[in-house]
Amino acid sequence: MTTITGAQAVVNCLREEGVKTIFGYPGGAVIDLYDELMDATDLEHILVRHEQAAVHAADGYARATGEVGVALLTSGPGATNGVTGIATAYLDSIPIVILTGQVPTPLIGNDAFQEVDIVGITRPCTKHNFLVNRKEDLVQVMREAFHIARTGRPGPVLVDLPKDLIKAQVKFDDKKPLRMQSYQPNYEPHPGQIAKAGELITQSQRPVLYVGGGVILSDGYQELRDLAKLLNMPVTMTLMGLGSYPGDDDLSMGMLGMHGTYTANMAVSQCDLLISVGARFDDRVTGTLETFAPHAKIIHIDIDPTSISKNVKVDVPLVSDCKRALAELLKWFQNSSSTVSEFRGEAFSDWHAQINSWKEAHPLTYQKDDSDIIKPQYVVEMLDELTNGEAIITTEVGQNQMWAAQFYRYAHPRHFLTSGGLGTMGYGFPAAIGAKMAMPEKTVIDIAGDASIQMCIQELATVKQYNCPIKIAILNNQFLGMVRQWQELFYEKRYASTVMDVAPDFVALAEAYGAVGLRATKKSDVKAVIQEALSTDNTVLMDFEISREEGVYPMVPAGKATTEMLLV
Amino acid sequence: MKHTLSVLLQNKPGVLSRVTGLFSGRGFNIESLCVAETMEKDVSCLTLVTRGDDNIIEQITKQLHKLIDVIKVTDASEGSFVEREMVLIRVKAEAHTRAEVLRVIDIFRGKVVDVSAKSYAVEVTGSPSKIQAVIEILQPIGIKEIIRTGTIAIGRAGKNK
Ligand SMILES: Cc1ncc(C[n+]2csc(CCOP(=O)(O)OP(=O)(O)O)c2C)c(N)n1
């Protein structure tokens, strides 16, 4: 046991958890922590230009690596600026720890300068949060914060650190295994439920694996691949699940839901068994609930009991870590009698024939013509081709996000980072910074809209400062495109406040920040621009002037059945 | 249907607002809520009465469990529980009704806890239905104020306990 300052204790705790990079922004309440960090040369601190970006970057870091991301913000406005980032991570179950400064304990509650009740503000958008109000609790709280963030269903945890505790002398002892009386997430699937699930699969004729972000969060993609292959079962993924199963594999039907493929939505509507793995029956996936998988028995694997039977009643609930449940199912099939090995392959052949006929009738596509107008889908296809599908793609929100989901074939997990649950414009660029900091050898591309990119554009200075070369591909339609598309379809083309034709010259703006700006105005420019961007060792902002009123299709109108798709 | 949930929680600052925030954020309702320390100083027991069909009660129970500071959730409507509530009622008590009030209170095993020239404040403890009954009976005499504690519940000892 040693006695050190609170700031030193915080830094020690970060080391203990294996943290190497922190994203943050200083201020009075955390000045002592920053002073300490200056000497901690093994902890890299990335000074962002807006606190929202610090949290998104920590989130991108976590999504790309599976490790806990860390953001450090000052009290008051620093902390409130981070809230959008925290809510973004919360809705996608991303493990991050946010450290916020707080006014000294004797001043708490007095409306002191830069005091806000950030614990109160973030209570509904964190997995858990703490205000450390006794110096004796500091070390334990830090350890619990990381433990809670990364275990069970992961999520953001905020620790509010009053300034006097950071300066105080605290006792620091070695880390012992944590045991929290009221928090013990269950990882192991119930063997009886595994057997029930196995039997349902054996009895099914038309199964579909419906896979969400839980498979990626639990690193269960190998088990998913093995199970799908062993049983020859078709797979569809949610937006958050993309990359958990290779997009170009025969068994993949692509994404389902509002902008999912025709095949995936038809297959779900016709299947007799839906095996949901780490997905949560979100309204963007199900459309009207009564019409979702109406003929199917449902197996639902999820680590969070509240996800199960929240929106849809299920037949076999399996509360478990997705990876563990998939591994146990795999074992069940490998150990079962010959009847099981007979059943697979053969039994689903009609089903695969049906699926293939859907794939042929309505593949994912767009209207192609001979003109030299740039189609956004073409840009994404070219990004895919020229990076061999190996880049980490982040997205902003809107049409750009959906085209990025549809036309890049994700071969690997943790390569598609997008704000699925909250749909946060401004997410993609800072998230790309987090991912690139974690994986400097990877090409990281933010597929952006011209409006979204402006929400965190100031981070161009951050990437300059840290030599962190990101590629930004703006699919520039001079509209709030996704909202415009709804107005086109459901509001008689009344484009209320969605025209964005007043914007900076993005190429000049990039250059003003010390990045490279490239513009493509013709389809025939696209390839060369991407190639140049990929071979430039600097941040490159590519401004693609795309066909302005292009839509995202297929589309299931909100409140409709997923079989009622508007097609290209 | 009405359910009484008994929730054991870590006795930490802000824990009550985690529970109430969950109810308001997710649109569940709370009819009454009572909270105090248990035998263990760092554990509190919160008893709340809510309404909903089985799905809603299942969600409420799971969501409560999910709160990091919640140790245990028991549905006191299932199995064998004793439920009690206390009410303080200020009832008009003038010359011609005093005897009547006292008689009613006596039947319900209540007590007079405050007396003035024109009213009594009475205390009655009992099951929620008994509390409802005493209120209904005193109503015609003239109730001026009602303060209820909300329900608390304790499990009945099993034969082997
Ligand atoms: C922070 C935030 N504000 C508003 C919205 C609502 N919204 C969803 S998509 C969209 C338009 C996005 O426009 P742009 O970034 O240009 O992308 P496009 O759809 O044109 O590809 C808006 C305003 C949002 N998702 N996030």
Side-chain angles (χ1 to χ4, degrees), chain A residues 87 90-91 93 105 108-109 117-134 137 140-141 144-145 147-149 151-160 162 178-186 280 289 302-314 317 319, chain B residues 1 3 5-30 33 35-48 50-75 78:
Chain A
Y90 181 64
L91 279 179
S93 309
T105 42
I108 290 179
D117 174 12
I118 196 63
V119 166
I121 290 172
T122 58
R123 201 168 282 135
C125 62
T126 49
K127 179 171 174 186
H128 196 59
N129 59 18
F130 298 90
L131 165 64
V132 185
N133 45 20
R134 300 187 322 156
D137 296 338
Q140 180 67 11
V141 163
E144 286 185 7
H147 175 67
I148 293 169
T151 52
R153 179 178 182 170
V157 178
L158 181 138
V159 181
D160 203 17
L178 263 182
R179 207 189 150 274
M180 294 175 65
Q181 187 191 7
S182 59
Y183 174 69
Q184 287 152 19
N186 173 45
R280 59 186 175 90
L289 277 175
D302 204 296
I303 194 157
D304 181 356
T306 67
S307 282
I308 292 176
S309 292
K310 181 172 66 181
N311 300 336
V312 169
K313 262 269 164 253
V314 306
V319 177
Chain B
M1 207 192 116
H3 285 252
L5 301 180
S6 177
V7 185
L8 289 182
L9 339 128
Q10 302 279 3
N11 189 0
K12 291 191 178 158
V15 62
L16 186 57
S17 71
R18 290 186 202 279
V19 173
T20 53
L22 182 129
F23 275 74
S24 60
R26 293 189 181 269
F28 303 137
N29 78 355
I30 300 182
L33 184 150
V35 60
E37 261 177 26
T38 61
M39 277 164 69
E40 291 168 60
K41 209 166 76 353
D42 50 0
V43 176
S44 294
C45 180
L46 179 153
T47 312
L48 64 82
T50 183
R51 242 174 228 286
D53 60 23
D54 290 352
N55 282 341
I56 292 177
I57 299 300
E58 185 184 332
Q59 259 303 310
I60 291 176
T61 310
K62 287 179 180 175
Q63 292 286 357
L64 282 168
H65 261 298
K66 192 170 156 180
L67 295 178
I68 306 289
D69 289 334
V70 167
I71 302 165
K72 191 171 173 206
V73 183
T74 321
D75 188 341
E78 286 168 2

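Chain identifiers are assigned alphabetically (A, B, ...) following the order of the sequence lines, protein sequences preceding nucleic acid strands; residue numbering begins at 1 within each chain.
- Of the atoms belonging to A:Lys127, heavy atoms from both backbone and side chain fall under 4.5 Å from chain B.
- When heavy atoms are compared at a cutoff of 4.5 Å, B:Asp69 approaches chain A by way of both its backbone and its side chain.
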Check: Could you go step by step and tell me if B:Ile68 and A:Glu144 meet the side chain to side chain contact (heavy atoms under 4.5 Å, CB included) rule?
Finding: CA-CA 11 Å; B:Ile68 306 289; A:Glu144 286 185 7; over 6 Å; no
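- Under the 3.5 Å distance criterion, the side-chain polar atoms of B:Lys62 are matched with a main-chain donor or acceptor of A:Ile308.
- When each of A:Ile148, A:Val119, A:Asn129 is checked for heavy-atom pairs under 4.5 Å with chain B, A:Asn129 comes out on top.
- Heavy-atom neighbours of B:Asp53 CG from other residues, nucleotides or ligands within 6.0 Å: above the threshold of 12.
- For chain B, no part of A:Pro124 is nearby; none of its heavy atoms comes within less than 4.5 Å.
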Next item on the list: Kindly determine whether B:Leu22 and A:Arg123 satisfy side chain to side chain contact (heavy atoms under 4.5 Å, CB included), including the steps that lead there.
Entry: CA-CA 9 Å; B:Leu22 182 129; A:Arg123 201 168 282 135; over 6 Å; no
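- Interatomic distance, CD of A:Gln181 versus CG of B:Leu8, reported as 9.0 Å (0.5 Å rounding).
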Note to self: Does A:Thr306 form a side chain to side chain contact (heavy atoms under 4.5 Å, CB included) with B:His65? I'd like the steps, not just the answer.
What the structure shows: CA-CA 9 Å; A:Thr306 67; B:His65 261 298; over 6 Å; no
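- Between B:Gln10 and A:Ser182, the shortest heavy-atom contact is NE2-OG, 3.3 Å.
- Heavy-atom distances place the side chain of A:Asn133, and not its backbone, under 4.5 Å from chain B.
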